[in-house]
Amino acid sequence: MTGMKGPGIFLAQFLGDEAPFDTLDTLAEWAAGLGYVGVQIPCNAQLIDLKLAAESKTYCDDLRGRLAKHDIEVTELSTHLQGQLVAVHPAYDTLFDGFAPPELHGKPAERQLWAVEQVKLAARASANLGLSAHATFSGALAWPYVYPWPQRPAGLIEEAFAELARRWTPILDVFEESGVDCAFEVHPGEDVHDGATWERFLAAVGNHPRARLLFDPSHFVLQQLDYLDFIDRYHDRISCFHVKDAEFNPTGRTGVYGGYENWVDRAGRFRSLGDGQVDFSAIFSKMAQYGYDGWAVLEWECALKRSDDGAREGAPFIRDHMIRLTERPFDDFAASGIDRTAIRKLLGLSEEQA
């Protein structure tokens, strides 16, 4: 019986210019030393040649072999930054230029085409790496209108999601050709940021079989959404899982919107595992209940704790919460072993009525 895999760690927040955070090999050795067995790799040139990975199975086999020396696997590739650039409202053009190569800065149309190609390459690279899922963002065209003031004109949201679908459907088709799920992280700042927007997007892409979800409960805490009910509703589309904690402590001064405060002073803020309010015992139970067999991956983002402490504490936290699925009912010891004839007798039925 298969079950959840892990613990894994998302490398994006740890990548740096100094060892052991400067290369994939040294990061793998570091992660293994902390007890992780998988790494989620952002599609950053410092870690992976995405174009080569999409074209060469040999390159991918070599990459996997390098990680295997440290007993590490690739959990998924990530194109969070590139996915964001698939759809950008002009209000954010300057801010999001930093997600693209310098030669594309100030060129939103060219930047968008580059982003689309990057995500398609990631689909093919994922297939060459033998992966079943990929992590990304949807991007956003309607986010500046998330609060309905001034009143939104009729049809604005519908057209935004129709355009989002026009951009993502050809990408999802490449994921289908590659046999890989494209998992969108439900996240503020994206047009797909809760269950209602996920349903809009899924309908707009015609319930595409490769349109899937990355579940991260921390973003539900900050929006005051029910993350357990979300699993109940959408478990059949969850392909990735970020294990990240958060807390929400509203006051008379600030709440969900944050008052433009920095992360430390916001009512909602991300925390290291075990330091926040997320009920991970309930989440891991739900995921086991519905047969989630993907990876449990630490994403570290904390306003208070050092990243190396968060990483060190994360592996045992995840490992201790993972549930090994039982192979038989707990009450098997009390099974009566009654045959069909006895069962029919218990029901008041005779063999002649069979």
Side-chain angles (χ1 to χ4, degrees), residues 10-13 40 42-43 75-89 91-92 95-96 98-99 115 118-119 122 133-147 157 160-161 164-165 167-168 171-172 181-202 204-205 211-231 233-234 237-248 256-258 263 266-271 273 276-278 283 294-303:
F10 187 25
L11 298 180
Q13 285 81 15
Q40 187 177 85
C43 290
T75 67
E76 300 93 5
L77 298 180
S78 152
T79 54
H80 282 84
L81 302 189
Q82 296 93 328
Q84 181 78 67
L85 299 183
V86 169
V88 176
H89 188 280
Y92 298 102
L95 292 174
F96 282 143
F99 290 4
Q118 286 281 297
V119 183
H134 177 74
T136 196
F137 276 151
S138 69
L141 299 172
W143 183 252
Y145 310 104
V146 66
Y147 194 80
I157 299 302
F161 277 85
L164 200 65
R167 298 186 186 192
W168 273 104
I171 302 173
L172 291 170
D181 291 341
C182 183
F184 296 94
E185 182 170 358
V186 175
H187 190 290
E190 311 305 315
D191 279 343
V192 177
H193 58 267
D194 59 11
T197 52
W198 164 245
E199 291 176 11
R200 282 184 182 270
F201 178 72
L202 190 58
V205 296
R212 309 283 289 193
L213 290 163
L214 186 162
F215 175 70
D216 180 338
S218 68
H219 302 299
F220 292 72
V221 172
L222 268 59
Q223 294 184 77
Q224 289 297 279
L225 291 164
D226 187 331
Y227 45 78
L228 297 178
D229 182 62
F230 186 91
I231 298 173
R233 291 173 183 267
Y234 309 114
R237 290 271 178 171
I238 296 175
S239 291
C240 297
F241 176 21
H242 273 177
V243 188
K244 190 172 74 174
D245 212 341
E247 63 185 355
F248 183 71
V256 170
Y257 298 109
W263 278 111
R266 293 175 71 92
R269 57 187 185 178
F270 302 123
R271 299 299 308 275
L273 287 184
Q277 298 168 347
V278 175
I283 287 174
W295 283 86
V297 176
L298 169 76
E299 183 183 25
W300 178 88
E301 290 178 337
C302 184

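Computation of the quantities below employed the complete heavy-atom set of this structure, encompassing side-chain atoms and omitting hydrogens, waters and symmetry-equivalent molecules. Each residue takes its place number in the sequence, starting with 1. Note that the structure is predicted; figures quoted are calculated from it, not measured.
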Could you label the plane-to-plane angle of the [X] and [Y] rings as parallel, tilted or perpendicular, counting under 30° as parallel and over 60° as perpendicular?
X: F137; Y: H80; result: perpendicular
X: H89; Y: Y145; result: perpendicular
X: F220; Y: F215; result: tilted

Worksheet item: Should E301 and D216 be marked as a side chain to side chain contact (heavy atoms under 4.5 Å, CB included) after you check the CA-CA gap, both sets of side-chain angles, and the distance that decides it?
Response: CA-CA 12 Å; E301 290 178 337; D216 180 338; over 6 Å; no
Determine the minimum heavy-atom distance between [X] and [Y], stating which atoms define it.
X: F161; Y: A204; value: O-CB, 3.7 Å
X: V221; Y: V278; value: CG2-CG2, 3.7 Å
X: A87; Y: L164; value: CB-CD1, 3.5 Å
X: F270; Y: S218; value: CE2-OG, 3.5 Å
X: D191; Y: A142; value: OD1-N, 3.1 Å
X: W168; Y: G83; value: CZ2-O, 4.0 Å

Under 3.5 Å donor-acceptor, [X] side chain and [Y] backbone:
X: E190; Y: G139; result: yes
X: T136; Y: T79; result: yes
X: H219; Y: H187; result: no

Can you confirm whether [X] sits close enough to [Y] that some side-chain heavy atom of one is under 4.5 Å from a side-chain heavy atom of the other?
X: P144; Y: Y92; result: yes
X: W198; Y: R237; result: yes
X: R200; Y: I157; result: yes

Which value, rounded to the nearest 0.5 Å, describes the distance between [X] atom [atom1] and [Y] atom [atom2]?
X: R271; Y: W300; atom1: CZ; atom2: CH2; value: 11.0 Å
X: L81; Y: F96; atom1: CG; atom2: CZ; value: 9.5 Å
X: D181; Y: L172; atom1: CG; atom2: CG; value: 10.0 Å
X: L298; Y: T75; atom1: CG; atom2: OG1; value: 11.0 Å
X: Q82; Y: L85; atom1: CD; atom2: CG; value: 7.5 Å
X: D229; Y: Y234; atom1: CG; atom2: OH; value: 8.0 Å

Worksheet entry | side chain to side chain contact (heavy atoms under 4.5 Å, CB included) assessment of I283 paired with L228 | CA-CA 6 Å; I283 287 174; L228 297 178; 3.8 Å; yes
Practice prompt. Please step through side chain to side chain contact (heavy atoms under 4.5 Å, CB included) for the pair F10 and H242, ending with a clear verdict.
Written response: CA-CA 8 Å; F10 187 25; H242 273 177; 3.9 Å; yes
Worksheet entry | With sequence neighbours excluded, residues passing side-chain contact (heavy atoms from CB on, under 4.5 Å) with A183 | R212, L214, S239, C240
Discussion item. Could you tell me if Q223 and H193 have a donor-acceptor pair between their side chains, going purely by distance under 3.5 Å?
Written reply: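 Their side chains do not contain a donor-acceptor pair, so the 3.5 Å distance test is not met.
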Practice prompt. Decide side chain to side chain contact (heavy atoms under 4.5 Å, CB included) for Q40 and E76; before the verdict, give the C-alpha distance in whole Å, the side-chain angles of both, and the deciding distance to 0.1 Å.
Written response: CA-CA 5 Å; Q40 187 177 85; E76 300 93 5; 2.7 Å; yes
